[in-house]
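Presented below is the structure to which this report refers.
Start at 1 and go down the list; that is how both ligands and their atoms are numbered.
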Amino acid sequence: VSQSRYYPKKMAKNGVLIHYLRTAMEKEIVLSGIRPTGFLHLGNYFGAMRNYVRMQDEYNCCFFVANWHSLTTHPDTKTLQQSVLRVVAENIACGLDPEKVPLYVQSDVPEIAELYLYLNMLAYKGELEKTTTFKDKVRMQPENVNAGLLTYPVLQAADILIHRAVKVPVGKDQEQNLEMARNFAERFNHRYGETFPLPYAFNYNSELVKILGLDGNGKMGKSENQMTTLFLADDDELIRKKVMKAKTDQGPLTPNSTKPDYIQNLFTLMSLVSTADTVKKFEDDFNNSSEGNCIIRYGDMKKQLAEDMVNFINPIRTKAADLQANKDLLLKIIHQGADKARASASSTLTAVRKAVGMNYL
Ligand code: TRP
């Protein structure tokens with residue numbers, strides 16, 4: 001929280017200058033979170049992580065692992081700690097710098113839970129039941145429709161509002177949760193006085209790439225079939241095997257054909273991990289013919305893609321593995337992250353308690 005909020009009133013005389021100073025000093029806060037429920041894959045990397053790794057130099061960022069959220073769908077916590085540490089390690093391996101960005105675990109910041117309680121009084125059963133993600137999860141786990149699942153968007157709003165974050169780098173599927181966060185913030189402000197800025201989804205448009213599974217059926221990572229997803233923890237041989245098994249066909253029948261989704265996806269992947277010359281060569285092969293036959297050979301293309309993919313994933317996997325082998329370092333990183341996050345969180349919570357009238361201490 002910036003100092004400028006506490007400038008004495010009389011300093012506000014020179015309105016223009018003060019306004020300028022405020023905006024210059026109050027760097028907007030970007031907050032991003034991820035649930036520790038699966039292994040990170042290439043879709044996560046190019047769809048989200050790369051995006052906020054870039055943001056860390058331009059904004060005041062916070063990044064956390066949403067382990068409370070994972071309880072709503074994964075009540076068995078035997079492997080949860082390990083997953084949390086893996087997600088932290090993988091994010092650092094992808095370029096997130098814990099010196100620049102407080103990197104913390106949700107459950108280490110109890111202030112979030114208290115804010116969640118206040119926000120729960122402003123969230124209505126009807127609107128929560130209408131949320132798409134809730135309806136999806138009810139379909140997936142009809143035997144465990146718990147209140148945590150219903151109030152998932154309230155906890156997510158608390159994650160964001162506890163730092164008064166205004167920019168949240170998330171994909172399309174999270175738009176509804178962000179809209180709800182804005183609603184809860186607005187209701188709070190309306191009932192108890194201006195306390196929260198309104199948060200919005202935020203991305204560098206050009207950086208959001210949609211990656212399909214290697215069978216071309218839907219987003220990477222969505223399918224049950226592990227062979228169609230490239231995980232950042234996959235070893236070199238497995239990467240080669242998956243890429244070589246990617247869906248192709250007999251090739252285009254005429255020059256300059258439209259690419260089917262699964263072929264376009266291979267070109268997209270290539271554009272992300274191969275050199276521009278390599279991509280151009282295969283684009284040209286796809287679009288040209290020789291003696292009536294299209295030139296491209298998908299086998300060759302996949303071999304090239306497999307090697308470039310190995311060279312891309314290998315250093316990330318190695319760095320993440322080294323970090324996971326150094327548990328003390330990982331714990332130190334998240335403890336530091338928690339300290340910074342709690343400093344910001346408790347200042348918001350003090351204002352919240354005061355606004356609600358819960359300030360006796
Ligand atoms: N719901 C998000 C997801 O499934 C994870 C999340 C929880 C989150 N709290 C957040 C994302 C706060 C951004 C901000 O991806």
Side-chain angles (χ1 to χ4, degrees), residues 28-41 43-53 55-56 59-74 80 83-84 87-88 90-91 94 96 101-113 115-116 119-120 123 128 131-138 140-141 148-185 196-203 208 210-211 219-222 337-338 341 344-345 348:
E28 287 178 315
I29 295 171
V30 175
L31 175 105
S32 182
I34 187 166
R35 270 175 309 151
T37 49
F39 282 74
L40 292 178
H41 53 72
N44 298 128
Y45 183 87
F46 289 109
M49 291 160 82
R50 185 178 64 161
N51 210 21
Y52 60 68
V53 163
M55 288 174 194
Q56 68 186 339
Y59 295 93
N60 213 340
C61 293
C62 277
F63 181 83
F64 76 100
V65 185
N67 58 342
W68 278 333
H69 275 112
S70 73
L71 286 178
T72 65
T73 50
H74 294 63
L80 185 56
S83 305
V84 166
V87 167
V88 170
E90 285 181 327
N91 274 281
C94 287
L96 205 70
V101 180
L103 186 47
Y104 62 95
V105 180
Q106 190 181 32
S107 61
D108 285 341
V109 183
E111 288 81 3
I112 298 168
L115 179 56
Y116 169 56
L119 297 177
N120 265 321
L128 295 170
T131 318
T132 331
T133 41
F134 175 69
K135 289 194 285 192
D136 288 347
K137 285 168 186 167
V138 168
M140 285 183 318
Q141 52 181 64
L149 201 57
L150 182 68
T151 56
Y152 183 114
V154 188
L155 182 55
Q156 181 161 348
D159 291 330
I160 300 166
L161 301 176
I162 198 72
H163 299 299
R164 294 170 158 128
V166 291
K167 288 185 156 67
V168 187
V170 287
K172 269 257 164 288
D173 62 329
Q174 293 291 313
E175 289 280 0
Q176 196 176 27
N177 282 343
L178 276 198
E179 190 187 330
M180 299 184 77
R182 285 194 292 281
N183 288 338
F184 304 147
F196 298 116
L198 303 185
Y200 287 88
F202 168 65
N203 283 298
L208 272 198
K210 189 172 170 191
I211 295 183
K219 269 170 53 174
M220 182 173 278
K222 280 271 146 72
S344 150
T348 305

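Looking at Asp173 against ligand 1, nothing comes within 4.0 Å, counting heavy atoms. When non-hydrogen atoms are compared, ligand 1 lies under 4.0 Å from neither the backbone nor the side chain of Leu155.
Here the shortest heavy-atom pairing between Gln141 and Thr72 reads NE2-O, 3.2 Å. The two residues Pro199 and Ala165 come nearest to each other via the heavy atoms CB-O, 3.6 Å. Nearest heavy atom pair, residue Leu40 against residue Asn91, reads CD1-ND2, 3.7 Å. Considering all non-hydrogen atoms of both residues, Thr151 and Tyr116 come closest at OG1-OH, 2.7 Å.
Using the six-membered ring where Trp is involved, Tyr104 and His163 have ring planes that are perpendicular, over 60° apart on the 30 and 60° scheme. Ring geometry, Phe202 versus Tyr59: the interplanar angle exceeds 60°, so the pair is classed perpendicular (tilted spans 30 to 60°).
Within ligand 1, counting atoms from 1 as listed, the ones closer than 4.0 Å to a heavy atom of Arg35 are 4 (O). When each atom of ligand 1 is checked for a heavy atom of Phe64 under 4.0 Å away, the hits are 9 (N), 10 (C), 12 (C). Residue Val168 approaches ligand 1 through these ligand atoms, each under 4.0 Å from one of its heavy atoms: 13 (C), 14 (C). The ligand atoms of ligand 1 that sit less than 4.0 angstrom from a heavy atom of His69 are 7 (C), 9 (N). Proximity to Tyr152 (heavy-atom distance under 4.0 Å) selects the following atoms of ligand 1: 1 (N), 2 (C), 3 (C), 4 (O), 5 (C).
When hydrogens are left out, the protein atom nearest atom 9 (N) of ligand 1 is Asp159 OD2, 2.7 Å; that is the closest non-hydrogen contact. Of the protein's non-hydrogen atoms, Gly33 O, 3.5 Å is the one closest to atom 11 (C) of ligand 1. Looking at atom 15 (O) of ligand 1, its nearest protein heavy atom turns out to be Gln174 NE2, 3.7 Å. Looking from atom 8 (C) of ligand 1 to the surrounding protein, the closest heavy atom is Gln156 NE2, 3.6 Å.
With contacts defined as side-chain heavy-atom distances shorter than 4.5 Å, the pair Thr37/Ser83 does not qualify. With a 4.5 Å cut-off on side-chain heavy atoms, His69 and Asp159 count as touching.
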